[in-house]
Amino acid sequence: MTRWTADQLPTVTGTTVVITGATGGIGLVTARELARAGATVVLAARNVDKAHQAVADMRGDFVVRQLDVADLDSVRAFARSYTGDIDILINNAGVMDIPAARTAQGLDVQTATNYFGPFLLTNLLLPRLTDRVVTVSSQLHRFGKLHLDDLDWRSHKYSGLAVYESSKLAVVLFSLELQRRLTAAGSTVRSIVAHPGIARTGLVSHSPLGFINRVPIFVQNAEQGALPLLYAATQDVPGNAYVGPDGLFSFTGYPLVRKPSRAGQNPAVAKRLWRATAALVDIGA
Ligand SMILES: NC(=O)c1ccc[n+]([C@@H]2O[C@H](COP(=O)([O-])OP(=O)(O)OC[C@H]3O[C@@H](n4cnc5c(N)ncnc54)[C@H](OP(=O)(O)O)[C@@H]3O)[C@@H](O)[C@H]2O)c1
């Protein structure tokens, strides 16, 4: 089996990549490697100082822009002020297992960060997109339960982990419906899902799940965790591919096109989810 690594990245000079959540973890490695391969990388960060610091010692063409992906006004402002084409949009920013909280618009923060924000951002930037959108999910989407009548966790009991799992299932279904719409419209733009397996990052450092970062096996570093994103962003994979590590349970390893859960492959649910989300974030369905 070919073990694809970042050394096999093609030259992508002239390509513009917008990536969310690249101040640390998997996103920062992805940004660094794409810049090393020649891309102009736009870091869309909620903390612009942190983003500037993160790339200060890196070689490459970086642009830092303000974007709090959980705040739909910030998403709209980012999209409004963006000029020029985007070849690759990488929806990477995410939070996991955080306490219940509401955004400025009154939405659940975890769902807004992982799903509502990326949904709106992608839709608003779509007219500028020339190649593909990569959205980051998780193997935990396999445990996700969607409440189509309560996407914003108002009537169901909030659990940090259950909300994370649900948001990551939502992005898998989002990609499915987005790809269907792109294909139906005759677009060559692709929607792809990537997941990093399990990687040591800041994602769960605040939560009881932080013990994962101390487990010596079945956990990889952020360099390895970024490979599925880099593969999804640059390799010739089919629309709506689900790219993740090739190892046992897809926890670790090298990028491979795999399959999401059966629930993540349901086109009827994906359509209903799209319509419900479009209404919630106030764009046309
Ligand atoms: N690590 C894993 O094992 C694993 C497994 C499956 C999926 N994932 C997914 O991989 C992606 C990257 O996570 P990671 O592991 O690299 O975690 P991380 O180290 O915690 O990085 C998360 C990034 O998202 C940013 N972010 C969070 N909320 C944001 C917001 N509202 N607006 C803009 N940026 C925001 C953070 O910015 P700040 O610096 O401002 O906090 C940070 O740059 C996430 O989507 C995560 O769900 C990770």
Side-chain angles (χ1 to χ4, degrees), residues 18-32 42-55 64-75 77-78 90-98 101-105 107-118 120-121 134-144 160-161 163-172 174 193-207 209-213 215 218-230 232 242-245 249-253 260:
V18 173
I19 179 166
T20 65
T23 51
I26 292 154
L28 181 58
V29 176
T30 304
R32 186 197 71 209
V42 180
L43 285 84
R46 62 176 164 179
N47 182 338
V48 290
D49 292 340
K50 193 171 171 187
H52 280 296
Q53 279 164 23
V55 296
V64 172
R65 298 278 306 276
Q66 216 286 323
L67 172 62
D68 180 343
V69 81
D71 178 342
L72 301 189
D73 290 344
S74 175
V75 173
F78 179 91
I90 305 180
N91 288 313
N92 164 75
V95 287
M96 179 173 171
D97 193 26
I98 59 169
R102 294 274 153 190
T103 68
Q105 292 80 31
L107 299 172
D108 169 57
V109 170
Q110 190 167 198
T111 313
T113 310
N114 296 351
Y115 174 54
F116 298 142
L120 181 62
L121 183 68
V134 176
T135 305
V136 180
S137 184
S138 161
Q139 279 291 77
L140 287 174
H141 86 269
R142 295 180 187 282
F143 303 104
L161 191 54
V163 172
Y164 182 77
E165 292 163 352
S166 170
S167 68
K168 292 299 184 181
L169 173 58
V171 297
V172 170
F174 159 66
V193 180
H195 81 86
I198 307 181
R200 284 183 197 91
T201 66
L203 191 65
V204 286
S205 50
H206 60 278
S207 105
L209 294 168
F211 77 89
I212 287 168
N213 285 340
V215 173
F218 294 130
V219 182
Q220 52 192 3
N221 59 27
E223 301 288 328
Q224 191 87 13
L227 294 182
L229 280 69
L230 291 166
Y242 178 77
V243 182
F249 304 126
S250 204
F251 285 172
T252 60

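Both ligands and their constituent atoms are indexed starting at 1 by order of listing. Computed from heavy atoms alone, side chains included, the values below leave out hydrogens, waters and symmetry copies.
The closest donor-acceptor contact from the side chain of Thr20 to the backbone of Ala93 lies under 3.5 Å. For the pair Asn92 (side chain) and Gly21 (backbone), a donor-acceptor distance under 3.5 Å is present. Distance alone, capped at 3.5 Å, places no donor-acceptor pair between the Gln220 side chain and the Gly197 backbone. Judged purely by atom type and a 3.5 angstrom limit, Gln139 has no side-chain atom pairing as donor or acceptor with the backbone of Phe251. Distance alone, capped at 3.5 Å, is enough to place a donor-acceptor pair between the Asn213 side chain and the Thr201 backbone.
The atoms of ligand 1 that sit less than 4.0 Å from any heavy atom of Ala70 are 31 (N). Atoms of ligand 1 found under 4.0 Å from any heavy atom of Lys50, numbered from 1 in the order shown, are 38 (P), 39 (O), 41 (O). Each of the following atoms of ligand 1 lies closer than 4.0 Å to a heavy atom of Leu67: 32 (N), 33 (C). Those atoms of ligand 1 with a heavy atom of Ser137 less than 4.0 angstrom away are 6 (C), 7 (C). Ligand 1 places these atoms under 4.0 Å from at least one heavy atom of Val95: 27 (C), 28 (N). Of all atoms in ligand 1, listed by their number and element, those nearer than 4.0 Å to a heavy atom of Ile198 are 3 (O). Atoms of ligand 1 lying under 4.0 Å from at least one heavy atom of Thr23, given by number and element, are 36 (C), 37 (O), 38 (P), 39 (O), 42 (C), 43 (O). For ligand 1, the atoms lying closer than 4.0 Å to a non-hydrogen atom of Asp68 are 30 (C), 31 (N), 32 (N).
Nearest non-hydrogen protein atom to atom 47 (O) of ligand 1 is Tyr164 OH, 2.7 Å. Here the protein heavy atom with the shortest distance to atom 19 (O) of ligand 1 is Gly202 N, 3.2 Å. Ranking protein heavy atoms by distance to atom 25 (C) of ligand 1, first place goes to Gly21 CA, 3.5 Å. Distance from atom 32 (N) of ligand 1 to its nearest protein heavy atom, with residue and atom name: Val69 N, 3.0 Å. Here the protein heavy atom with the shortest distance to atom 27 (C) of ligand 1 is Arg46 NH2, 3.5 Å. Of the protein's non-hydrogen atoms, Val136 CG1, 3.6 Å is the one closest to atom 9 (C) of ligand 1. Scanning the protein for heavy atoms near atom 4 (C) of ligand 1, the closest one is Pro196 CG, 3.5 Å.
Looking at Asn92, Ile26, Val219, it is Asn92 that brings a heavy atom closest to atom 12 (C) of ligand 1. Which of Ala199, Ala51, Ala93, Gly25 comes nearest to atom 34 (N) of ligand 1 through a heavy atom is settled by distance: it is Ala93. Closest heavy-atom approach to atom 22 (C) of ligand 1 among the candidates Ser167, Ala22, Pro228, Gly94: Gly94. The option with the heavy atom closest to atom 14 (P) of ligand 1, from among Asn91, Thr201, Asn114, is Thr201. When the heavy-atom distances from atom 48 (C) of ligand 1 to Leu43, Leu203, Thr135 are ranked, the shortest goes to Leu203. For atom 5 (C) of ligand 1, the nearest non-hydrogen atom from the set Gly244, Gly197, Ser138, Pro118 belongs to Gly197.
For Phe116, there are no ring-ring contact (aromatic ring centres under 6.0 Å, His included) partners, not counting sequence neighbours. A search for ring-ring contact (aromatic ring centres under 6.0 Å, His included) contacts involving Tyr242 returns His141, His195, not counting sequence neighbours.
Among Val18, Leu230, Thr30, Thr135, the single residue meeting the side chain to side chain contact (heavy atoms under 4.5 Å, CB included) criterion with Ile90 is Thr30.
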For this session: Give the intermediate values and the outcome of side chain to side chain donor-acceptor pair (under 3.5 Å) for residues Ser74 and Asp71.
Result: CA-CA 5 Å; Ser74 175; Asp71 178 342; 5.3 Å; no
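By the criterion of a heavy-atom distance under 4.0 Å, the side chain of Lys168, and not its backbone, is placed next to ligand 1.
Between Ala232 and Ala194 the shortest heavy-atom distance is CB-CB, 4.1 Å.
In this structure, Gln139 does not count as a contact residue of ligand 1, since none of its heavy atoms falls inside 4.0 Å of the ligand. Residue Gly24 places a heavy atom under 4.0 Å from ligand 1.
Between Ser166 and Thr111 there is no side-chain heavy-atom pair separated by less than 4.5 Å.
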